[in-house]
Protein chains: 2
Amino acid sequence: MKRPTIADIARRAGVSKGAVSYALNGQPGVSEATRKRILAIAQEIGFNANSAARALSGARARAVGLTLCRPARILGIEPWFMGLISGFEAELGAQSYALTLQVVASPEQEVEVYRRWWGERRIDGVIVTDLRQNDIRIPVLQQLQLPAVVIGGSGEPSPVTQIWSDDGGAITEAVRYLVALGHSRIARVSGVPDLLHTQVRTKAFNEVCTSLGLHDAVTVPADYTGEEGSRATRRLLIGGDRPTAIIYDNDVMAVAGLAVAQEMGLSVPGDLSIVAWDDSPLCSLVHPPLTALSRDVSGYGAQAARELLNAVDGKKVGNVKAQTAHLTPRGSTAPPRN
Amino acid sequence: MKRPTIADIARRAGVSKGAVSYALNGQPGVSEATRKRILAIAQEIGFNANSAARALSGARARAVGLTLCRPARILGIEPWFMGLISGFEAELGAQSYALTLQVVASPEQEVEVYRRWWGERRIDGVIVTDLRQNDIRIPVLQQLQLPAVVIGGSGEPSPVTQIWSDDGGAITEAVRYLVALGHSRIARVSGVPDLLHTQVRTKAFNEVCTSLGLHDAVTVPADYTGEEGSRATRRLLIGGDRPTAIIYDNDVMAVAGLAVAQEMGLSVPGDLSIVAWDDSPLCSLVHPPLTALSRDVSGYGAQAARELLNAVDGKKVGNVKAQTAHLTPRGSTAPPRN
DNA sequence: GCAGTGTACTTGACCGGTTAAGTCACCGGG
DNA sequence: CCCGGTGACTTAACCGGTCAAGTACACTGC
């Protein structure tokens, strides 16, 4: 089956292919009657512009790129990324942009992928996740002048548009809630310490704990995986003065922490309260269901995609603050038993 | 920053761009010395062939497409898809093919996306998941002559290459294991009944149960979500003659089932044994860890990508049988308490 | 000494769009 | 009546590769 081209339309409409191009792109230069006729023919023969030809002649590639730099085993289980991707799609699909995905092993590889994509003119912009301090990707994106949005920065002024949320505020709310329930020994199991948003959360956690007079508030770094979540939880729970509440930086580690508590014969929430960051169906799935810091991950992704498309269109956009995660209390938090 | 083109290389090497093309593609027509020189220049200036230009002149687009037709909330939590995607990437990345993703709401939309991609010449082939009986996508793919591989068919002769695994054999093993432990009332919570692999599993489950004399073996259909998994489990457990073991078609529903059992005060595995299909870190995360039918999802994906690239290269490939899922016993299965 | 055969290139058409520049008919104003 | 302006097109160059066809030159064999 032959792919229809604008030449086919031109022939059937009895006009030149230039006229067809103008008609299809809503440009002036054709009469309304001709435009209608051309659009009808395009519709009839199922025409779709060859994206290669379009990209080649200087126009958009109509695709954006996303690199994921996490080991496969954690990518699979973390609902976060898929939620984000669904959000991108909702927005990109509506404007018939494609999403090109690449799983990589390191930030260096991400940079390589950006360079390749840029050279190949394969994409019009990229979505950057897992921002680090002095992230090596940012200068490269600037050098290549590749439109980009960063998901989850700190919200500070940045050369690249950021979609950020007030993680500090969210964690403060969680700590306040636990304190209100009567907890005074609160610990935290964090994500990868290199990531900027982990640092933001850690700073806010320390600040609120200090201001509330919780002196032994400790953060144990982990890496978002269940294994590390379990390990960190065990470390916290075997200590003499064990915490009565733990806040986890993602849902996977929180679920793992719950299992460790159960395995050690501790009751949740009786002996230990648990708060998960990033509410996902996973949190409501386990018993007891986990109190979580919820946000609309998919909406977050949609917003990022929207801003990226704006940036691609040359509209200069500044940082955008997304909805702050809010506490959704469920069965895993309660006043501590004495 | 200007993108380097073959013309830039040609100028620097003092040859024509045709020669550069031959050199870069390993074609005969240039001397070894010239080829080396050209490759060195390409390397030096960081040349990447413009994928649009390449695709336009009849060559490959060097991209494959994947559509995901599941609601966002289930996509996010199911480790299966991300595992699969990681597997694709491992293979595609190695051959510097890109993966283009699109989340859709219905098989009809998937067909539309295929047509659009084909018209746009955006991709060289597609990966098809969630095959149904008389799947409407298959004739379209044939009509468009779009290379494709289907993941998770029945293994029966098919117009489109299938990567399949012996799900019947796997479920038979699981049932035999439970019977050997002493169970006689075994139920199953299945995935979406329309999907071909669900039907294969249901058929095999019924057959092995009949052959082992288990007459009240029932399959409750669900949809892979935690909510449905919980509901199905409750339905099974409130009945008078409740099962002592349940096999779930995915890990998410199994985890949900575990929570329901705990919530109802039933001990797992004492009162109820649980087997999950598709082992993922999720299964080892909960307490007790779930006995699962494991397979190398990521390897499965890699194999599919490999076959697809073969199909794109015009090599005719037949159905490929992947590794059969094997039982990984963990803490959620034990002999039933009397 | 010259036809025949390679090898190592060059040339230029082509893929299917976009778009600047050109053409032509028609209209209104001076 | 002619001129300038505008609308509705057409023409053709261009994007950056690929590849068939053409060319130049060396070598080989009789």
Side-chain angles (χ1 to χ4, degrees), chain A residues 1-39 41-42 45-63 96 116-124, chain B residues 1-39 41-42 45-63 96 116-124:
Chain A
M1 193 167 160
K2 203 197 152 289
R3 259 165 267 252
T5 70
I6 51 168
D8 298 325
I9 301 181
R11 206 172 312 117
R12 289 183 56 150
V15 296
S16 70
K17 58 184 197 134
V20 175
S21 177
Y22 291 140
L24 293 175
N25 294 306
Q27 305 246 33
V30 281
S31 66
E32 220 28 62
T34 310
R35 186 188 303 277
K36 283 236 176 75
R37 193 156 44 91
I38 288 172
L39 287 174
I41 294 172
I45 65 176
F47 172 79
N48 283 295
N50 181 321
S51 63
R54 183 178 262 164
L56 186 54
S57 49
R60 308 267 96 100
R62 297 194 81 81
S96 57
R116 183 158 55 78
W117 277 345
W118 173 81
E120 293 180 344
R121 231 194 176 99
R122 200 182 264 284
I123 48 146
D124 299 320
Chain B
M1 193 169 160
K2 204 194 150 294
R3 259 166 266 254
T5 69
I6 52 168
D8 298 326
I9 301 180
R11 204 172 313 117
R12 289 181 58 150
V15 295
S16 70
K17 60 187 192 128
V20 175
S21 177
Y22 290 139
L24 293 174
N25 293 304
Q27 305 242 34
V30 281
S31 66
E32 220 28 62
T34 310
R35 186 188 306 275
K36 283 237 176 74
R37 191 156 43 92
I38 288 173
L39 287 175
I41 295 173
I45 65 178
F47 171 80
N48 283 295
N50 181 322
S51 64
R54 184 180 261 165
L56 187 55
S57 49
R60 308 267 98 99
R62 297 194 82 83
S96 58
R116 184 159 54 78
W117 278 346
W118 173 81
E120 293 180 344
R121 226 192 179 100
R122 199 181 265 285
I123 49 147
D124 299 320

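So you know, we letter chains A, B, ... as the sequences are listed, proteins then strands, and number each from 1.
- Counting 5' to 3', DNA chain D first comes under 4.0 angstrom of a heavy atom of chain A and last does so at the ends given by D/dA8 to D/dG16.
- Every residue two or more places apart in sequence or in another chain that forms a side chain to side chain donor-acceptor pair (under 3.5 Å) with A/Ser31 is listed here: A/Thr34.
- Not a single salt bridge (charged side-chain N to carboxylate O under 4.0 Å, His left out) links A/Arg37 to another residue, sequence neighbours left out.
- Here B/Arg116 pairs with B/Gln102 under the side chain to side chain donor-acceptor pair (under 3.5 Å) rule; sequence neighbours left out.
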Pairs of donor and acceptor atoms involving the side chains of residues 49-59 of chain B, under 3.5 Å and at least two apart or interchain, shall be tabulated with distances.
residue : atom : partner  : partner atom : Å
B/Asn50 : OD1  : B/Ala52  : N            : 2.8
B/Asn50 : OD1  : B/Ala53  : N            : 3.1
B/Ser51 : OG   : A/Glu120 : O            : 3.0
B/Ser57 : OG   : B/Ala53  : O            : 3.0
B/Ser57 : OG   : B/Arg54  : O            : 3.3

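- Taking each heavy atom of B/Ser96 and B/Arg62 in turn, the nearest pair found is O-NE, 3.7 Å.
- Within the 4.5 Å cutoff, the side chain of B/Ile45 has heavy atoms near those of the B/Arg12 side chain.
- Taking atom CZ of residue A/Phe47 and atom P of nucleotide C/dG16, one finds them 10 Å apart after rounding to whole Å.
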Could you go through nucleotides 7-9 of chain C and list every protein N or O atom that sits under 3.5 Å from one of its N or O atoms, giving the distance for each pair?
residue : atom : partner : partner atom : Å
C/dC9   : OP2  : B/Ser31 : N            : 2.9
C/dC9   : OP2  : B/Ser31 : OG           : 2.7
C/dC9   : OP2  : B/Thr34 : OG1          : 2.6

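- For the pair B/Val20 and A/Ser57, nearest-nucleotide mapping onto DNA chain C gives the more 5' position to B/Val20.
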Side-chain donor/acceptor pairs under 3.5 Å, residues 19-28 of chain B, sequence neighbours excluded:
residue : atom : partner : partner atom : Å
B/Ser21 : OG   : B/Asn25 : ND2          : 3.4
B/Asn25 : ND2  : B/Ser21 : O            : 2.8

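- Annotation: the terminal axes of the helix from C/dG1-D/dC30 to C/dG30-D/dC1 meet at 60°, where each axis is the rotation carrying the C1' atoms of four end pairs onto the next four (5 pairs per end, rounded to 10°).
- Atoms NZ (A/Lys17) and P (C/dT19) sit 13 Å apart, rounded to a whole Å.
- Nearest-nucleotide positions on DNA chain C place B/Gly18 closer to the 5' end than the other of A/Asn50 and B/Gly18.
- Among residue pairs with one or both ends in residues 18-27 of chain B, none qualify as salt bridge (Lys or Arg N to Asp or Glu O under 4.0 Å); sequence neighbours excluded.
- By the salt bridge (charged side-chain N to carboxylate O under 4.0 Å, His left out) test, B/Asp8 is found to be paired with B/Lys2, B/Arg11, residues two or more places apart in sequence or in another chain being considered.
- As a whole-Å value, the separation of A/Arg54 CZ from C/dG17 P is 8 Å.
- Atom CG in A/Asn25 sits roughly 9 Å away from atom C1' in C/dG17 (whole-Å rounding).
- Rounded to an integer number of Å, the gap from CD1 of A/Ile9 to P of C/dG16 is 13 Å.
- Across all strands, B/Thr5 comes closer than 4.0 Å only to sugar-phosphate atoms, never to a base (heavy-atom distances).
- Spacing between atom CD1 of A/Ile6 and atom P of C/dG17 amounts to 5 Å, rounded to whole angstrom units.
- At distances below 3.5 Å, at least one donor-acceptor pair connects side-chain atoms of B/Arg3 with backbone N or O atoms of A/Trp118.
- Counting only residues at least two apart or on different chains, the salt bridge (Lys or Arg N to Asp or Glu O under 4.0 Å) pairs with a member in residues 23-34 of chain B are B/Glu32-B/Arg35.
- For A/Asp8 and C/dG17, the CG to C1' distance is 13 Å, given to the nearest whole Å.
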